[in-house]
Amino acid sequence: MNSKKIKLGFFFAAFSMFFVVKAFASQDSSGQQNAENGKQEAFNPTPAILEHIGDSHYWHLWNETSIPLPIILFTDQGLETFSSIRFNRGRDAYEGKYHTYKLVEDKIKVVDKSGNVDKATSKKIYDFSVTKNVIALWVACLLLMVIFFSVAATYKKTVGKAPKGFQSLMEPVIVFVRDEIARPNIGYKYQRYMPLLLTIFFFIWINNMLGLIPAGANTTGNVLVTFVLATIVLIAVNVSANKYYWKHIFFPDVPLWLYPIMIPVELIGIISRPFALMIRLYANISAGHIIVLSLISLIFIFKSFLVAPVSIAFVLFMYVLELLVAFLQAFIFTMLTALFIGTAVEEHHH
């Protein structure tokens, strides 16, 4: 990594940290304004951290500024749609067509006339709202299509010529996925799986990077998103598997009396491998965000000029490290996917 990239990384980290600190300062001041009996309310970092790493029915920008998102509810009495602006950031209840709704810890609940949550009716509400993570995933998919369609169009126009423009930027990454991930782990059948591996790699990398932008969404830090990615890997591996792969699972080369042990172990292994992919990506991305936000919180917890420089220095270091982790997690997920596919399509050798 050359000095220009390091400087760019530090600039991005400092820029991002400014907006995150500003958001924390806003919450700290609002907490002090809500203090009762003239006592100063202690800063609680938990709500701010959970807000930054969790999903939301708003896209929070700064202070009290946020973009309301569409609410789509399937209730026991029918479909109901409205804007999340009706909730006034969770302060107000909204009387809809069928029920009265309120945001409780960013979950939509049905409340009665006195404002108490109706648990029985709330269980019959299915939330299909367009949340912050959904919008972020759409943005990531749009970026993916722009990247791949533009590069593919350039390749068609410059057949046999040296890459140029955006193509020259993307080609080393594509070649890296092909030569360092697909070929070594899958073998000569790698070309069949290149579209899948490239999509997984760029999808995770783009979402990781978008999550580091101020006011960005933590999509890869959402276990449901990583669950879907792991499910795609599970399907791809087992649909591609040849007869030798299934023979190894249901008819392993062990004594017959070990079959009752080996077959369940092998079947558990089919599920546990993509499950490990899901947890690894979710945990690593979430942990990085939590560490950065926790370090920033120290400034407002101790309220000391002695703590601020140390905290800021560590946050800058962690933010630059997160830029590396964003790429590394995409690489690890894609590499293990290729490895699992490789074991499923490997030919039997006598």
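Remember, predicted model here, so these are calculated numbers, not experimental data. Nothing fancy with the numbering, it's 1 onward along the sequence. Basis for what follows: all heavy atoms, side chains included, without hydrogens, waters or symmetry-related copies.
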- Note on the structure: Output for pair (Ile249 CD1, Asn238 CG), nearest 0.5 Å, gives 7.0 Å

- Task: Output the distance between atom CD1 (Ile67) and atom CD1 (Ile85), rounded to the nearest 0.5 Å.
- Result: 11.0 Å

- Query: Can a donor-acceptor pair be found between the side chains of Glu80 and Tyr101 at a distance below 3.5 Å?
  - Reply: yes

- Would you please classify the geometry between the Phe202 ring and the Phe148 ring as parallel, tilted or perpendicular, with 30° and 60° separating the classes? perpendicular

- Linked, directly or transitively: Leu196 and Val228 (ILVMFWY side chains, under 4.5 Å): yes

- Can you hop from Ile235 to Trp246 via hydrophobic side chains spaced under 4.5 Å? no

- Query: Would a distance-only check, ignoring hydrogens and angles, find a side-chain to backbone donor-acceptor pair under 3.5 Å from Ser66 to Trp59?
  - Reply: no

- On a heavy-atom basis, the closest approach of Phe340 and Pro274 is CE1-N, 4.5 Å

- Message: Under 3.5 Å, is there a donor on one side chain and an acceptor on the other for Asn116 and Ser114?
- Response: yes

- When rounded to the nearest 0.5 Å, the distance separating CD of Glu322 from CG of Asn284 is 9.0 Å

- Message: Using a 6.0 Å cut-off, check whether atom NZ of Lys107 has over 12 heavy atoms from anything other than its own residue.
- Response: no

- Query: Are side-chain N/O atoms of Asn133 and Thr219 paired as donor and acceptor at under 3.5 Å?
  - Reply: no

- Item | Derivation and outcome, side chain to side chain contact (heavy atoms under 4.5 Å, CB included), residues Ser122 and Val117 | CA-CA 8 Å; Ser122 295; Val117 175; 4.0 Å; yes

- State, with a plain yes or no, whether a side-chain heavy atom of Phe87 is found less than 4.5 Å away from one of Arg91. no

- Query: Crowded around Phe227 CZ? As in, over 12 foreign heavy atoms under 6.0 Å?
  - Reply: no

- Report whether Leu142 and Trp138 are members of the same hydrophobic cluster (ILVMFWY, side-chain heavy atoms less than 4.5 Å apart, transitive linking). no

- Side-chain (Ser150) to main-chain (Ile147) donor-acceptor, under 3.5 angstrom: yes

- Message: Surrounding CZ of Phe251 (heavy atoms of other residues, nucleotides or ligands, distance under 6.0 Å), is the total greater than 12?
- Response: no

- Query: Is there side-chain contact between Tyr259 and Val254, with at least one heavy-atom pair below 4.5 Å?
  - Reply: yes

- Message: For residues Leu328 and Leu212: do they belong to one hydrophobic cluster (side chain heavy atoms under 4.5 Å, members Ile, Leu, Val, Met, Phe, Trp, Tyr)?
- Response: yes

- Task: Output, in order, the C-alpha distance, side-chain angles, deciding distance and verdict of side chain to side chain contact (heavy atoms under 4.5 Å, CB included) for Ile181 and Tyr190.
- Result: CA-CA 9 Å; Ile181 298 177; Tyr190 77 93; over 6 Å; no

- Item | Distance-only donor-acceptor check, side chains Asn207 and Thr220, under 3.5 Å | no

- Message: For a quick check under 3.5 Å, do Asp118 and His99 share a side-chain donor-acceptor pair by atom type?
- Response: no

- Does a donor on one side chain and an acceptor on the other come within less than 3.5 Å for Thr75 and Tyr126? no

- Item | More than 12 heavy atoms from other groups under 6.0 Å of CZ on Phe327 | yes

- Which atom of Tyr282 lies closest to which atom of Asn222, heavy atoms considered: CD1-C, 4.0 Å

- Query: Of the non-hydrogen atoms in Pro252 and Met262, which two are nearest, and what is the gap between them?
  - Reply: CG-CB, 4.1 Å

- If you group Ile, Leu, Val, Met, Phe, Trp and Tyr by side-chain heavy-atom gaps below 4.5 Å, do Phe203 and Ile213 land in one group? yes

- Message: For a 4.5 angstrom cut-off between non-hydrogen side-chain atoms, does Asp112 reach Thr121?
- Response: no

- Item | Exercise: identify the closest heavy-atom pair between Ile174 and Met194 | O-CE, 4.2 Å

- Gap separating the CD1 atom of Ile232 from the CD1 atom of Ile200, nearest 0.5 angstrom: 6.5 Å

- Neighbour count above 12 (heavy atom, 6.0 Å) for Gln77 CD: yes

- Message: Can you see whether His57 engages Asp127 through a side-chain donor-acceptor pair at a distance of less than 3.5 angstrom?
- Response: yes

- Report yes if the distance between the aromatic ring centroids of Phe176 and Phe331 is under 6.0 Å, otherwise no. yes

- Task: Taking only Lys NZ, Arg NE, NH1 and NH2, and the carboxylate oxygens of Asp or Glu, determine whether Lys247 and Asp253 approach each other closer than 4.0 Å.
- Result: yes

- From CG (Leu69) to NZ (Lys132), nearest 0.5 Å: 9.5 Å

- Test side chain to side chain contact (heavy atoms under 4.5 Å, CB included) applied to Leu79 and Ile72, step by step: CA-CA 7 Å; Leu79 175 68; Ile72 304 171; 3.9 Å; yes

- What about Phe201 and Phe333, are their ring centers closer than 6.0 Å? no

- Task: Would you confirm whether Ser311, through its side chain, and Leu295, through its main-chain N or O, come within 3.5 Å as a donor-acceptor pair?
- Result: yes

- Message: Tell me which one of Thr199, Thr226, Val225, Leu281 satisfies side chain to side chain contact (heavy atoms under 4.5 Å, CB included) with Ile204.
- Response: Leu281

- Closest non-hydrogen contact found for Ser129 with Pro70 is CB-O, 3.4 Å

- Query: Quick one: does Tyr58's side chain have a donor or acceptor within less than 3.5 Å of a partner on Ser84's backbone?
  - Reply: yes

- Query: Quick check: does any side chain N or O of Asn242 sit under 3.5 Å from a backbone N or O of Val345, one acting as donor and the other as acceptor?
  - Reply: yes

- Task: Drop me the distance from Tyr98's OH to Ile125's CD1, to the nearest 0.5 angstrom.
- Result: 11.0 Å

- Message: Measuring only between side-chain heavy atoms, which start at C-beta, is His60 closer than 4.5 Å to Arg89?
- Response: yes

- Intermediate values then yes/no, ring pair (Phe, Tyr, Trp, His ring centres under 6.0 Å), Tyr245 and Phe250: CA-CA 9 Å; Tyr245 174 82; Phe250 292 106; 9.4 Å; no

- Given Met335 and Asn185, is the side chain to side chain contact (heavy atoms under 4.5 Å, CB included) satisfied, shown in steps? CA-CA 8 Å; Met335 184 188 69; Asn185 293 293; 3.8 Å; yes

- Query: Is the number of heavy atoms from other residues, nucleotides or ligands within 6.0 Å of CZ (Arg86) greater than 12?
  - Reply: no

- The single option from Leu267, Ile261, Val265 that satisfies side chain to side chain contact (heavy atoms under 4.5 Å, CB included) with Ile263 is Leu267

- Identify the heavy atoms of Pro68 and Ser83 that sit nearest to each other, and give their distance. CB-OG, 3.6 Å

